[in-house]
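Taking it in order: structure first as C-alpha cells, then the write-up.
Computed from a predicted model, the values in this text were never measured in an experiment. Side chains are part of it too, since the values below use all heavy atoms of this structure and drop only hydrogens, waters and symmetry mates. Residue numbers begin at 1 in each chain, while the letters A, B, ... track the order of the sequences.
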There are 2 protein chains.
Amino acid sequence: MNIYDLIEQLRADPDLAPKIRTTTHAKGSQIIKQGEVCGDVIFLRKGLAQMSYVTFEGKEWIKSFFAENAIMGARRCQILGEPSHFAITCLEDCEITAVPYDGLRKLAARAPDLMAIFFDFNEQVSMRKEKREYEFLCLSAQDRYQGFLEDYAHIVPRLTQAQIASFIGITPIALSRIRKRINQAESRGVVGAQ
Amino acid sequence: MNIYDLIEQLRADPDLAPKIRTTTHAKGSQIIKQGEVCGDVIFLRKGLAQMSYVTFEGKEWIKSFFAENAIMGARRCQILGEPSHFAITCLEDCEITAVPYDGLRKLAARAPDLMAIFFDFNEQVSMRKEKREYEFLCLSAQDRYQGFLEDYAHIVPRLTQAQIASFIGITPIALSRIRKRINQAESRGVVGAQ
DNA sequence: GACTGGCATTAACCCGGGTTTATTGGGCAT
DNA sequence: ATGCCCAATAAACCCGGGTTAATGCCAGTC
C-alpha cells in the first residue's frame, strides 16, 4: 500500500478531510522540533528526512532516516500529547502531507480495514526497532556499518559519512577509521582481477 | 486491563477457546528457543522471564524482562512465521497462557475493541523500544544503569548483577566498576546523618 | 567443620572509540 | 585562478569497557 492511495482514502472521510494539509519544507528546516508537541501523522511524499536527538552537550544522534513514501511521527506526542524527544529534519527539500493522529485514530476505530493497515504498519516498525536493538546489543560498530550499507543501499548515496556515523552511534572520525580498516582488509584479501 | 480479563474474553470465542493452553515452566527452562518458530502470544500469569540473544561466541544479551501480568511473544514468528532470533527463558518458575497469534489476529479483525487493545499494546511496546534506542544512542553505561534502577525498581531485587549488566549492554565486570564509582561518589558527596 | 558452586568484586592488560587538532581535497562563487 | 567552505581523513592522546585470572563471599550439603 503506497501512501498516495492511503491519503486518498483518508480524504474520503468528511470529518478528517479538512484537517489534511500538504506542504513543502526546504532542506535543513525542521518539520517537528525537539521539545515541541506535534500530534500529526506525516506522510513523506518527496525528499529525505531524519529523526534525531540533540543531547545537552549539543551532539546529534540520528534515530531514523525516511525517504519517499514513508510515514513518520512522534508517537509520544500522538499518544500522550507530550513534547517530542526528537526532531524531524529535512535532509533534502521535502513535500509532506500531515494528518492529525487523533482524527485518524477515531476514523480507524470505525474503519476496520484502516485499523488493520495501521496495525500492520506498527508491526513493521516494531520489527525494525527490534533489529536495531539487536544490532546495538550484539554487534560491533563495524558490523553495524556494514549492515547499514546493505539495508539502506538505496539512500546511502544521498547521505554523508557524518550522518551514517550518527545513525550507527559513533563519531565521524571512528567511522573513517572503520572504513580504512575495511579497505585495508579488502586490498589484502582480494586478488587483483588480472 | 489485566491479562486475566483479556484471557477470559478470548476464551469466550468458540473458535479460539480450544487453542488456549495454560502451562507451567520451571526456572531455567525455555518457553521459546532461539531459532525455533513459536507463533503464540504468551500471557505471563506468574513468575519472571527474559528475552535474550545468544551470539556465535556464546555471549548472552538480554533484550527484555517480563514479570507477572505481562504479554510476550516473538513478533517475527507471529508475523512472518520465521524462526525467532531470541529465546524466552524463565528466571523463576512461571505459569503462562499461550494463544496462537493468527487466531487472535482473526478474532481481532472481527472484534474492534480487541483490535484496539492490541493496537494500544503495540503503542506501549513502541514507546518502550523508542526509549531503549534513545538510551543506547545518547546515554553512557552508567546513565543506563541508573535509569534501569529507577524504571525497573519493582524487579531489581529479583535479578542478579550479571542479568542487569547484560540488559544494559555491558559485562558484569564493567557494571561492578560502575557500582564502585557510584558508591565512591556518594560517600564523598553525602554528609553523614550525624 | 570442610567442601563445593555460584555470584560479585578486584587487578592487570589491551583495544576500540572519543577528543582535539591538523591536513587534504573537492565543489562553488567571485 | 583564487579563495572559501565543508566533508573526509589523519595523527596523538585519553578513557571506558572487554578480557582473563584471581580473590572473597556466602549458602548449601555432606
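- Contact between the side-chain N/O atoms of A:Arg179 and the OP1/OP2 oxygens of D:dT9 is found at a separation under 4.0 Å.
- Whole-Å rounding puts the B:Gln184 CD to C:dT10 C1' distance at 12 Å.
- Between the CD1 atom of A:Ile178 and the C1' atom of D:dA8 there is a distance of 14 Å, rounded to whole Å.
- Between the CD atom of B:Gln163 and the C1' atom of C:dA8 there is a distance of 13 Å, given to the nearest Å.
- Following rounding to the nearest Å, B:Gln142 (CD) and D:dC15 (C1') show an atom-to-atom distance of 14 Å.
- Ring centroids of B:Tyr53 and A:Tyr134 are separated by less than 6.0 Å, placing the two rings close together.
- Taking the side chain as every heavy atom from C-beta outward, B:Met51 and B:Ile32 never approach each other to under 4.5 Å.
- One atom, CH2 of B:Trp61, and another, C1' of D:dG17, lie 10 Å apart when rounded to the nearest Å.
- Computed from coordinates, the B:Ile164 CD1 to C:dT9 P distance equals 10 Å when rounded to whole Å.
- Between B:Phe121 and B:Phe118, the angle of the ring planes goes over 60°, which puts this pair in the perpendicular group of the 30/60° scheme.
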Subject >> Chi angles and distances behind the side chain to side chain contact (heavy atoms under 4.5 Å, CB included) call for B:Arg158, B:Gln163 >> reply: CA-CA 10 Å; B:Arg158 296 156 77 180; B:Gln163 283 157 352; over 6 Å; no
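- The interatomic distance linking B:Leu175 (CG) with D:dT19 (C1') rounds to 16 Å, in whole Å.
- For the pair A:Ile170 CD1 and D:dG17 P, the interatomic distance rounds to 17 Å; values are reported in whole Å.
- A salt bridge links A:Glu123 with B:Arg75: at least one charged nitrogen is closer than 4.0 Å to a carboxylate oxygen.
- The phosphate of C:dG17 (OP1 or OP2) has no side-chain N or O of A:Lys180 nearer than 4.0 angstrom.
- Neither side chain, A:Gln30 nor A:Glu36, offers a donor N or O lying under 3.5 Å from an acceptor on the other.
- The side-chain tip of A:Lys63 does not point at the ring of A:Phe167 from less than 6.0 angstrom away and within 45° of straight on.
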Measure all distances between protein nitrogen or oxygen atoms and nitrogen or oxygen atoms of nucleotides 19-21 of chain C, and list the pairs falling under 3.5 Å.
{"residue": "C:dT19", "atom": "OP2", "partner": "A:Lys59", "partner atom": "NZ", "Å": "2.7"}

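- The nucleotide whose nearest atom lies closest to any side-chain atom of A:Ala141 is, among D:dA7, C:dG17, C:dT9, C:dG17.
- At the phosphate of C:dG17, OP1 or OP2 sits under 4.0 Å from a side-chain N or O atom of A:Arg181.
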